[in-house]
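Just follow the structure's listing: the first ligand is 1, and inside any ligand the first atom is 1. These numbers come from the heavy atoms of this one structure, side chains and all, not from hydrogens, waters or symmetry mates.
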Amino acid sequence: MHVSFTATLASGLLLLAGLDQAAAAPANQKSGCCSRPAVRREWRSLSNEARLEYVNAVKCLMSTPSKSSDLYPAAKSRFDDFQGMHIKIGHTMHFNGPFLAWHRWMMQLFENELKTSCGFTGTLPYWGVELDNTVETFVKSAIFDDVYGFGGNGAYIADVSSPIDFPVKTDGDLPGRTGGGCITTGPFANTTVPMGLGDSLEYKPHCLRRDFVPILASVGLSEKMMSTVMSQTNFWDFNRWIQGFGLDPAGMTVHGAMHLSMGGQVGEAADVYSSPGDPLFYFIHGGLDRIWDKWQRMDFDNRKTDVSGPDTMFAYPFNFFGDVPYQNITIDQPIEYPGFGDSLTIRDVMDTTSGKLCYVYE
Ligand SMILES: *[C@@H]1O[C@H](CO)[C@@H](O)[C@H](O)[C@H]1NC(C)=O
Ligand SMILES: *[C@@H]1O[C@H](CO)[C@@H](O)[C@H](O)[C@H]1NC(C)=O
Ligand SMILES: [Cu+2]
């Protein structure tokens, strides 16, 4: 079954409460103690030099040979290995309980890989959605800068109905799409993505497309939406507000809006499985991890252990296609990262400042 994030949005919806100013400090995880957490920053808080260091580290990872081609035969680079992993087990960590925890560790693995394989000295930057949640600001986002960013939209292609040119795309019509073409400017111009779109590890090289839908950002990432998300009092409800209430027009919330505002109908970033083929993926999930962390820290004593939801994709309460058998997860649910080391449990990633994690969001 091919599943894309969703169709359109009908209704609008926190502003992330005041940002904590954490002091800049290097990670210090010696003896499991996180006394000086690394600070992850919003893209616009980075100097141009720091932005270029990140862009170049990602490009370096794209030219670092795959280490997991036994698992992901189409992967040429270590960057592609991440995409392969996300496709292969994509049905185990979307529209379910492990979703946020699984992606939190994926972000850490990616940051670690940039450091160990490419000498990156910074921290994973994130997308502060509150800066780009209008139609006007979205398209001008510094994240899409051609020099100090990741490049912008593809050229507008009005008709994307051809099943030959566009075999896999977001279901339904997305009014307000503005792109669809291959990326031709910026540091990732002419990037060839080896796998996808969709749930397949087959070698299917294709250009990196983007298909901005700014209206989705203006609704799904609005102050109203974010305050509703942040006012949820338990993980069950919070997770539903992050992942959405359906793939129907009215059901899309934050996660869907982040992916679809960039990926639209035919772009890589919109695909549930192959979206890590677009390096923007790491801004999306860094941004989402920051929202989860922010929500946790509003009542940390309770929320550092609050996790729930089904173990199965599209099971209740994400049963958008009917009921499927499932069990509810516990905090000891395993989370797997084939090709990237040992599996963990959700408990291992509940606190960004303990155990294997040692970072805070500025
Ligand atoms: C991208 O490909 C096009 C067409 O092959 C070419 O004209 C253009 O110079 C390339 N751009 C970059 C940045 O490599
Ligand atoms: C899972 O948890 C939800 C919320 O507490 C509950 O409504 C549902 O019945 C549980 N499902 C199973 C299979 O235990
Ligand atoms: Cu994902």
K.L.:
I'd like to know if the Cu ion (ligand 3) has an N/O/S atom from His285 within less than 2.8 Å of it, counting both backbone and side-chain atoms.
P.N.:
no
K.L.:
Taking the six-membered ring for Trp, are the ring centroids of Phe212 and Phe144 within less than 6.0 Å of each other?
P.N.:
yes
K.L.:
Exactly which residues line ligand 2, taking a heavy atom under 4.0 Å from it as the test?
P.N.:
Trp236, Tyr316, Tyr326, Asn328
K.L.:
Do you know the tightest heavy-atom contact between Met195 and Glu202?
P.N.:
CG-O, 3.8 Å
K.L.:
Is there any disulfide (SG to SG under 2.5 Å) pair reaching into residues 255-290, and which pairs are they, with sequence neighbours excluded?
P.N.:
none
K.L.:
Which angle, to the nearest 10 degrees, do you find at the Cu ion (ligand 3) between NE2 in His86 and NE2 in His94?
P.N.:
100°
K.L.:
How is the N/O/S atom of His103 that comes nearest to the Cu ion (ligand 3) named?
P.N.:
NE2
K.L.:
Is a side-chain N or O of Asp278 found less than 3.5 angstrom from the main chain of Glu268, in a donor-acceptor match?
P.N.:
no
K.L.:
Kindly indicate whether a cation-pi arrangement holds for Arg40 with Tyr359, taking the cut-offs as under 6.0 Å to the six-membered ring centre and within 45° of the axis.
P.N.:
yes
K.L.:
Please list all pairs meeting disulfide (SG to SG under 2.5 Å) that have one or both residues in residues 202-244, counting only residues at least two apart or in different chains.
P.N.:
Cys182-Cys207
K.L.:
Can you sort out the partners of Phe120 under ring-ring contact (aromatic ring centres under 6.0 Å, His included), two or more places apart, ordered by chain and number?
P.N.:
Tyr54
